[in-house]
Amino acid sequence: MSEFTKTLCPYCGVGCGLEVSPPAQLNKATNRDSKGNPIWRVRGDKSHPSSQGMVCVKGATIAESLDKNRLHYPMVRDSLDQEFRQVSWDEAFNIITNRIQTVRFTQGPEAICMYGSGQFQTEDYYTAQKLLKGCLGTNNFDANSRLCMSSAVAGYIQSFGADGPPCCYEDLELTDCAFLIGTNTAECHPIIFNRLAKYHKKNRKVKMVVVDPRRTPTAEAADLHLAIRPGTDIDLLNGIAHLLMRWGYIDTMFIDDCTSNFSAYAEVIRHYPPEVAARQCGISIEDLETAARYWGQSQKVLSLWSMGVNQSSEGTAKVRTIINLHLMTAQIGKPGAGPFSLTGQPNAMGGREAGGLAHLLPGYRLVKNDQHRAEVEDFWGLKRGQISPTPGMTAWDMITGLETGDVGVLWIAATNPAVSMPDLERTKKALLRSPFTIYQDAYYPTETAAYAHVLLPAAQWGEKTGVMTNSERRVTLCQAFRQPPREAKADWEIFAEVGRRLGFADKFNFANSAEVYAEFAQLTKNRPCDMSGISHEQLQKQGPTQWPHPEKSAELKVLSAEYKEVTQHSKRLYTDLHFHTPDGRARFGAYYSKGLAELPDPDYPFVLTNGRLYGHWHTQTRTGRIEKIRSMHPEPFIEIHPRDAARLGISDNQVIEVRSRRGQAHFPAKVTKAIAPGTVFVPMHWGALWANDAEANALTHPESCPDSGQPELKACAVQLAPISVE
Ligand code: SF4
């Protein structure tokens with residue numbers, strides 16, 4: 001038997017396969033951390049089809065975070081000014097269930113909220129949905145995926161009739177033109193970028209276009225970098241569409257046979273001639289024409305996007321406008337082509353499958369859809385009408401619900417909203433008002449733990465067996481390779497135990513996570529994300545598997561022709577050009593650009609944008625404790641263009657006070673031409689635990705996309721003032 005356990009990197013949505021071996025078999029001084037703890041050995045899994053053995057620095061160093069700053073015991077306190085005291089699980093469960101029952105019967109189920117995470121395994125998501133949506137009768141389960149890719153979800157649903165990225169990573173190596181917009185793939189999804197960049201280097205005819213206000217490492221590798229003004233994505237995309245139409249690059253047969261609403265869209269793009277679109281975007285007409293020519297002359301166009309598109313007050317419109325370009329040129333359902341959203345979190349995709357947002361139910365079902373609710377009620381053995389027809393509170397709704405007193409219990413798990421939510425001062429004030437906050441996490445301290453009444457120690461990656469789905473719909477079994485420390489438990493076990501103690505024992509009769517997954521997979525039967533043929537056992541035998549993977553395919557031998565056919569079919573969606581809309585046609589979305597929700601003005605003249613750095617992950621709960629990564633990125637900074645710096649008398653490393661209408665923060669300046677004049681950039685990773693007053697979200701605002709509820713974290717108006725010279 002191999003000494004290595006196969007699992008998945010728990011950081012980003014690329015979903016790289018890892019193999020982990022125990023420290024006991026290595027026994028070298030170099031395999032111990034500075035405190036003498038043995039470090040597990042991690043290497044890329046060469047047999048994993050998504051990553052083919054590659055890992056980035058986060059994946060390579062992940063084991064160093066396993067034993068650092070772990071939460072080991074349940075802890076409680078009556079009020080936030082008290083110290084926590086350690087309690088038994090039994091006592092913690094009693095406190096939680098008593099409070100839930102009290103709030104349920106005094107304020108109603110809608111006063112109970114859970115804010116979960118794309119760090120969950122699918123089994124965690126599923127049990128949480130069943131507890132809140134099925135048993136307690138509230139859809140108030142939302143996840144940090146709301147801040148990450150809910151605009152992509154809404155865009156796919158509106159354009160195709162169902163969620164789900166239609167492409168696969170193999171398309172990165174088959175395309176003629178990669179069109180990257182709002183994604184710094186080289187730093188945020190490094191292994192996807194490695195695959196694309198290698199292919200691009202070898203095939204000089206292949207074009208790479210990068211749309212980003214910053215000259216990122218991704219943009220450095222492009223044939224064409226379009227440094228558009230923040231918020232002008234729709235102007236650009238409609239401008240490209242205008243040229244494709246004018247130059248006759250559209251596929252009228254596909255439009256006639258497979259789509260609807262083209263005439264409304266054609267009317268909109270008529271208003272985006274190149275001189276208008278280019279002026280709006282702040283780029284040359286020549287560059288706009290080059291982008292349109294690359295797209296129009298390519299046999300296969302693949303677009304990639306992530307938070308730069310999704311985190312917008314018109315995020316869904318942006319997503320649909322990207323999809324429009326694919327529809328008008330028939331760039332979908334074939335190798336090397338299609339619209340491809342990259343997810344941020346390792347199992348944000350699993351969350352979508354399991355109903356892990358406030359408007360979703362398991363199996364790509366919608367809360368608002370009567371038939372979908374009835375199907376889930378029947379499956380869960382509930383009475384008709386037991387699932388509420390009202391979508392629950394989104395992440396930001398929970399913050400405003402605390403302000404208005406509508407939230408009686410807030411249960412936060414595996415996420416750190418005291419750093420990652422917009423308008424942090426307002427967020428923190430709201431968290432202070434929470435009458436009862438449960439915080440369930442693997443780590444302590446975190447910024448959010450300071451706002452909790454109950455702390456629950458969670459098992460993390462490597463300490464529980466479960467399933468995660470990556471951006472290309474590939475499902476991987478993440479096998480436990482060690483026991484949880486002290487009293488930590490898997491998230492799904494905690495949710496199931498609370499469910500049993502609340503009187504729903506028959507609904508949570510699971511002996512292990514394989515049983516949870518088996519139940520969940522059955523609920524996806526005949527749905528667009530059909531995983532009824534996937535089980536823990538099948539994944540162990542056949543390895544990572546893409547969905548759709550219906551039940552019958554599980555019985556097939558790995559190398560049989562039929563199995564090959566099933567896996568071919570799962571690689572890409574919509575190869576038959578039939579969509580999930582009632583008429584089977586993909587829908588064009590017709591959108592004029594609205595621009596940023598908060599435009600710069602004389603008082604706040606700069607647009608602040610933010611993003612990830614190569615080494616760090618989100619709020620540094622893990623990466624802030626890994627020496628190698630800390631030394632790569634020792635401190636936050638603000639990028640400012642030399643022209644703006646000269647005008648304001650700012651020099652390199654000088655500390656800048658940055659103010660928005662909501663708050664302020666301080667960053668050392670990095671004067672660089674990588675950022676366009678009028679725009680500044682800060683990394684998003686530093687919360688109160690890691691730096692004094694360098695929180696990007698102290699500045700951002702919560703204005704959200706009306707369709708997806710995703711806040712415009714990517715841009716806000718700020719003023720800058722140098723405050724000292726080092
Ligand atoms: Fe992990 Fe993402 Fe890096 Fe792969 S690319 S090793 S999934 S952080």
Side-chain angles (χ1 to χ4, degrees), residues 4-20 40-66 117-122 144-145 148-149 165 168-169 172-173 180 183-198 216-218 221 304 306-307 340-351 414 460-462 466-479 481 544 546 611-626 628-630 632-633 683-685:
F4 287 93
T5 306
K6 283 185 187 293
T7 181
L8 198 72
C9 173
Y11 281 116
C12 86
V14 179
C16 298
L18 298 182
E19 292 181 325
V20 184
W40 290 69
R41 187 176 160 207
V42 173
R43 68 182 187 192
D45 176 0
K46 288 189 177 140
S47 71
H48 197 290
S50 298
S51 51
Q52 303 165 356
M54 293 180 274
V55 285
C56 75
V57 69
K58 291 190 283 289
T61 56
I62 174 67
E64 289 174 46
S65 69
L66 276 169
S117 167
Q119 293 282 321
F120 278 174
Q121 293 176 339
T122 301
N144 53 12
S145 320
C148 171
M149 51 74 219
C168 62
Y169 294 169
L172 300 163
E173 292 144 352
L180 287 74
T183 172
N184 179 9
T185 321
E187 292 190 279
C188 304
H189 296 93
I191 302 308
I192 284 183
F193 190 74
N194 280 1
R195 288 183 66 165
L196 176 64
K198 252 192 230 166
T216 60
T218 314
L304 302 169
S306 55
M307 307 329 141
F340 197 0
S341 57
L342 304 178
T343 40
Q345 294 267 5
N347 197 33
M349 286 287 291
Q460 63 144 329
W461 168 81
V467 161
M468 290 202 183
T469 308
N470 72 6
S471 289
E472 62 164 347
R473 291 171 284 104
R474 193 176 297 281
V475 182
T476 299
L477 182 67
C478 314
Q479 301 190 78
F481 52 82
Q546 280 178 287
R612 284 190 203 159
L613 301 176
Y614 170 66
H616 272 309
W617 176 253
H618 286 193
T619 66
Q620 300 196 50
T621 309
R622 285 191 184 112
T623 53
R625 289 162 177 137
I626 295 174
K628 184 170 181 180
I629 293 177
R630 281 174 66 84
M632 282 172 84
H633 307 298
M684 59 179 268
H685 306 290

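Read the numbers this way: they start at 1 and go in the same order the structure lists the ligands and their atoms.
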Ligand 1 atoms in contact with [X] (distance to a heavy atom under 4.0 Å):
X: Ile191; value: 4 (Fe), 5 (S)
X: Pro190; value: 5 (S)
X: Gly59; value: 6 (S)
X: Tyr11; value: 8 (S)
X: Lys58; value: 8 (S)
X: Cys9; value: 1 (Fe), 6 (S), 7 (S), 8 (S)

_Presence of N, O or S from Cys16 under 2.8 Å of atom 4 (Fe) of ligand 1_ =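 Checking atom 4 (Fe) of ligand 1 against Cys16, an N, O or S atom does fall under 2.8 Å.
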*Between Glu64 and Arg625, is the closest basic N to carboxylate O distance under 4.0 Å?*
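The answer is no: the pair does not qualify as a salt bridge.
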*What's the shortest heavy-atom distance between Met349 and Pro165, and which atoms?*
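It is CE-CD, 3.4 Å.
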*Take Thr216 and Glu187 through the test side chain to side chain donor-acceptor pair (under 3.5 Å) and record every step on the way to the result.*
CA-CA 9 Å; Thr216 60; Glu187 292 190 279; over 6 Å; no
*Say whether Gly15 and ligand 1 are in contact under the criterion: heavy-atom distance to a ligand atom below 4.0 Å.*
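In this structure, Gly15 qualifies as a contact of ligand 1 - some heavy atom is under 4.0 Å.
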*asked:* Looking at atom 3 (Fe) of ligand 1, is there an N, O or S atom belonging to His189 that lies under 2.8 Å away from it?
replied: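 It does not: His189 brings no N, O or S atom closer than 2.8 Å to atom 3 (Fe) of ligand 1.
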*Give the residue and atom name of whichever protein heavy atom lies nearest to atom 2 (Fe) of ligand 1, and the separation in Å to one decimal.*
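Here the nearest protein heavy atom works out to Cys12 SG, 2.3 Å.
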*Nearest protein heavy atom to atom 6 (S) of ligand 1, by residue and atom, and its distance?*
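Result for atom 6 (S) of ligand 1: Cys56 N, 3.4 Å.
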_Is it the case that the ring center of Phe481 lies less than 6.0 angstrom away from the ring center of Trp461?_
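Yes, the ring centres sit under 6.0 Å apart.
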